[in-house]
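A short worksheet on the structure shown next.
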Amino acid sequence: MKSAEDSLPRTGFGYDVHRLTAGRKLILGGVEIPFEKGLDGHSDADVLVHAITDALLGAAALGDIGKHFPNTDPKYHNISSLALLKHVAGLLESMDFALINVDATVILERPKILPHVETMRKNIAGALGVSPELISIKATTGEAMGFVGRGEGAAAQAVATIVRF
């Protein structure tokens, strides 16, 4: 039996951080961005998609990205984070959840990502099977403070709202 809460929107929060390192591609929102460094991680280390994935999993009370895709499993080595997001979208759909919206912020000193944001929105929307109008992506810097400000890494935060249909 469904309860009244089943029809209420549910919101989750996601956060991810990765170190910038030479010899890796910089992938954000499924877009390869030309830069002298990339994000270090087991997968493609796409902090934006990881934060969104965690927000969606949190909204459905399904744990976190590490629970579903452990970095100790070789099958996830260098995998596209969009593939992981697509898997989570299928999981949510199987539980009768629909996406209301995603709002995400990338925190990165450089390079500037504004020229790539629309493609990121389309990539993420495609993985989720929704319209890009449901995906908001913003960017900010560390204002030359902390590990982001020193160019040592990048972070992303996301909020996702879902509802059971």
In the structure I gave you, are the side-chain heavy atoms of [X] and [Y] within less than 4.5 Å of one another anywhere?
| X | Y | answer |
| --- | --- | --- |
| Val49 | Leu84 | no |
| Met120 | Ile113 | yes |
| Val148 | Glu109 | yes |
| Leu108 | Thr141 | no |

Self-check item: Worked check of side chain to side chain donor-acceptor pair (under 3.5 Å) between Asp103 and Ser136
Solution: CA-CA 5 Å; Asp103 185 24; Ser136 171; 3.1 Å; yes
Can you tell me how far [atom2] of [Y] sits from [atom1] of [X], rounded to the nearest 0.5 angstrom?
| X | Y | atom1 | atom2 | value |
| --- | --- | --- | --- | --- |
| Leu92 | Arg10 | CG | CZ | 10.0 Å |
| Leu56 | Leu99 | CG | CG | 6.0 Å |
| Asp46 | Leu85 | CG | CG | 9.5 Å |
| Ile124 | Thr119 | CD1 | OG1 | 11.0 Å |

Quiz item: Which residue pairs pass the side chain to side chain donor-acceptor pair (under 3.5 Å) test with at least one member in residues 55-72, sequence neighbours excluded?
Solution: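 The answer is none; no pair qualifies.
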State yes or no: do [X] and [Y] share one hydrophobic cluster built from I, L, V, M, F, W and Y residues joined by side-chain heavy-atom distances below 4.5 Å, directly or via other members?
| X | Y | value |
| --- | --- | --- |
| Ile33 | Val47 | yes |
| Leu91 | Leu134 | yes |
| Val31 | Leu128 | yes |

Quiz prompt | Heavy-atom pair of closest approach, residues Ser80 and Asp44 | solution =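 Closest approach of Ser80 to Asp44: CA-OD2, 3.4 Å.
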Exercise. Please report the closest heavy-atom contact between Ser43 and Ser81, naming both atoms and the distance.
Key: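 In this case the closest contact between Ser43 and Ser81 is OG-OG, 3.7 Å.
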Exercise. Report yes if the distance between the aromatic ring centroids of His87 and Phe69 is under 6.0 Å, otherwise no.
Key: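 Yes, ring centres under 6.0 Å apart.
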Quiz item: Is the number of heavy atoms from other residues, nucleotides or ligands under 6.0 Å of Glu152 CD greater than 12?
Solution: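 Counting neighbours around CD of Glu152, more than 12 heavy atoms of other residues, nucleotides or ligands fall under 6.0 Å, so yes.
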Self-check item: His50 side chain vs Asp16 backbone, donor-acceptor pair below 3.5 Å
Solution: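 Pair absent, no side-chain N/O of His50 close to backbone of Asp16.
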Quiz item: Are any of the side-chain nitrogens in Arg24 or Glu36 under 4.0 Å away from the carboxylate oxygens of its partner?
Solution: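 No salt bridge links Arg24 with Glu36.
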